[in-house]
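Below is one structure, written out as structure tokens; the observations come after it.
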Amino acid sequence: MAECVFCKIVNGEIDAHVVFENEHAVAFLDANPVVDGHTVIVPKKHVERFSDTPGEIIGGLFSAVREVNRAIIESRDADGANVGLNDGKVAGQAIPHTHVHVIPRYSGDGGGSLHSIVKGEAGEDLKKVAEGLRAAI
């Protein structure tokens, strides 16, 4: 997509601090990091949403995520890392190109788990939820 900022980075039209690349993905430092080392990994092919990303791209994308995650923990002397993605505008996806964030974490940094992102209520019968998911898959 010609106007997509991530496509422009993939195509070398916009400079970025690339830290890893494989056949299907490119990883670069987030331009607006929440902490030093915050990295974004994108598929080279433009796909707006994760839920629409072809399986053959997912493998290469998450292989890159694993490598970046390992490197962040090692090089930043981090105690752990959060790996996350926002699928759709309502979920916080600001750029309409599938991307995964890897954010280094440190003991006492004040951050929470991924469970801290959504403040909702769950109460539906788990059996019914599982049946609905299985039917959709």
Side-chain angles (χ1 to χ4, degrees):
M1 182 171 265
E3 296 179 25
C4 174
V5 65
F6 287 164
C7 287
K8 288 182 178 183
I9 290 171
V10 167
N11 294 328
E13 298 169 40
I14 294 176
D15 287 335
H17 296 280
V18 174
V19 298
F20 183 82
E21 183 173 353
N22 66 20
E23 180 184 353
H24 293 290
V26 176
F28 48 89
L29 296 179
D30 193 298
N32 298 298
V34 297
V35 65
D36 289 336
H38 178 176
T39 303
V40 177
I41 303 94
V42 305
K44 290 181 175 180
K45 179 181 179 185
H46 181 85
V47 181
E48 186 170 322
R49 293 191 55 175
F50 176 72
S51 52
D52 297 327
T53 305
E56 62 272 10
I57 293 174
I58 296 291
L61 175 65
F62 275 88
S63 177
V65 169
R66 181 191 63 224
E67 291 300 319
V68 168
N69 187 78
R70 182 200 54 74
I72 282 175
I73 291 170
E74 182 180 313
S75 72
R76 303 300 309 163
D77 199 25
D79 298 313
N82 282 116
V83 176
L85 62 89
N86 304 314
D87 190 22
K89 195 172 193 174
V90 70
Q93 184 178 359
I95 298 174
H97 184 125
T98 297
H99 56 287
V100 179
H101 294 265
V102 179
I103 301 171
R105 295 296 305 274
Y106 303 92
S107 296
D109 66 9
S113 74
L114 294 179
H115 285 84
S116 66
I117 294 172
V118 177
K119 305 292 186 216
E121 290 187 30
E124 192 174 341
D125 179 66
L126 294 179
K127 183 178 178 181
K128 286 185 177 182
V129 173
E131 287 171 355
L133 288 171
R134 282 191 295 270
I137 294 170

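The first residue of the sequence shown is numbered 1, and numbering continues consecutively from there. What's counted below: heavy atoms across the whole structure, side chains too, no hydrogens, waters or symmetry copies.
Of all the heavy atoms in S116 and S113, the pair that sits closest is OG-O, 2.6 Å. Among all heavy-atom pairs drawn from A81 and N69, the shortest one is CB-OD1, 3.2 Å. Taking both residues in full, the closest heavy atoms of G37 and P104 are given as C-CD, 3.9 Å, listed atom of the first, atom of the second, then distance.
The side-chain heavy atoms of V40 and F28, taken from C-beta on, include a pair separated by under 4.5 Å. Counting only heavy atoms from C-beta outward, the side chains of V65 and V102 approach each other to under 4.5 Å.
The hydrophobic cluster containing V68 also contains F62, counting ILVMFWY residues as joined when their side-chain heavy atoms lie under 4.5 angstrom apart, directly or transitively. V83 and L114 sit in two unconnected hydrophobic clusters of ILVMFWY residues. Membership requires side-chain heavy atoms under 4.5 Å apart, directly or through other members. A single hydrophobic cluster is seen to contain both I58 and F20, as judged by linkage of ILVMFWY side chains at heavy-atom distances under 4.5 Å, directly or through other members.
Clustering of Ile, Leu, Val, Met, Phe, Trp and Tyr by side-chain heavy atoms under 4.5 Å joins Y106 with V34, V35, I103.
Going from atom CG of N86 over to atom CZ of R49 covers 10.5 Å, rounded to the nearest 0.5 Å. To the nearest 0.5 Å, atoms CD1 (I72) and CD (E67) are separated by 12.0 Å. With rounding to the nearest 0.5 Å, the separation of CD in E48 from CD1 in I95 is 12.0 Å. Separation of atoms CD1 (I41) and CZ (R66) is listed at 12.0 Å; rounding is to 0.5 Å.
A donor-acceptor contact shorter than 3.5 Å is absent between the side chain of S63 and the backbone of G60. Under a 3.5 Å cut-off, the side chain of H97 and the backbone N or O of P43 do form a donor-acceptor pair. Checked by atom type and distance alone, the side chain of Q93 pairs as donor or acceptor with a backbone atom of G88 at under 3.5 Å. Remark: side-chain polar atoms of D87 are paired, donor with acceptor, to backbone N or O of F50 under 3.5 angstrom. Judged purely by atom type and a 3.5 angstrom limit, N11 uses its side chain to pair as donor or acceptor with the backbone of C7. Panel note: side chain R105, backbone G112; a donor-acceptor pair is recorded below 3.5 Å. Side-chain atoms of T98 come within 3.5 Å of backbone N or O of V47 as a donor-acceptor pair.
Between E21 and K44 there is a salt bridge, since a side-chain N of the basic residue sits under 4.0 Å from a carboxylate O of the acidic one. Between E131 and K128 no salt bridge is recorded (no basic side-chain N to carboxylate O distance below 4.0 Å).
Atom CG of D52 has more than 12 neighbouring heavy atoms from other residues, nucleotides or ligands inside a 6.0 Å radius. Within a 6.0 Å sphere centred on CG of L126, heavy atoms belonging to other residues, nucleotides or ligands number 12 at most.
Within the structure, side chain to side chain donor-acceptor pair (under 3.5 Å) pairs that include any residue of residues 25-40 comprise D30-H38, H38-H101 (at least two apart or interchain).
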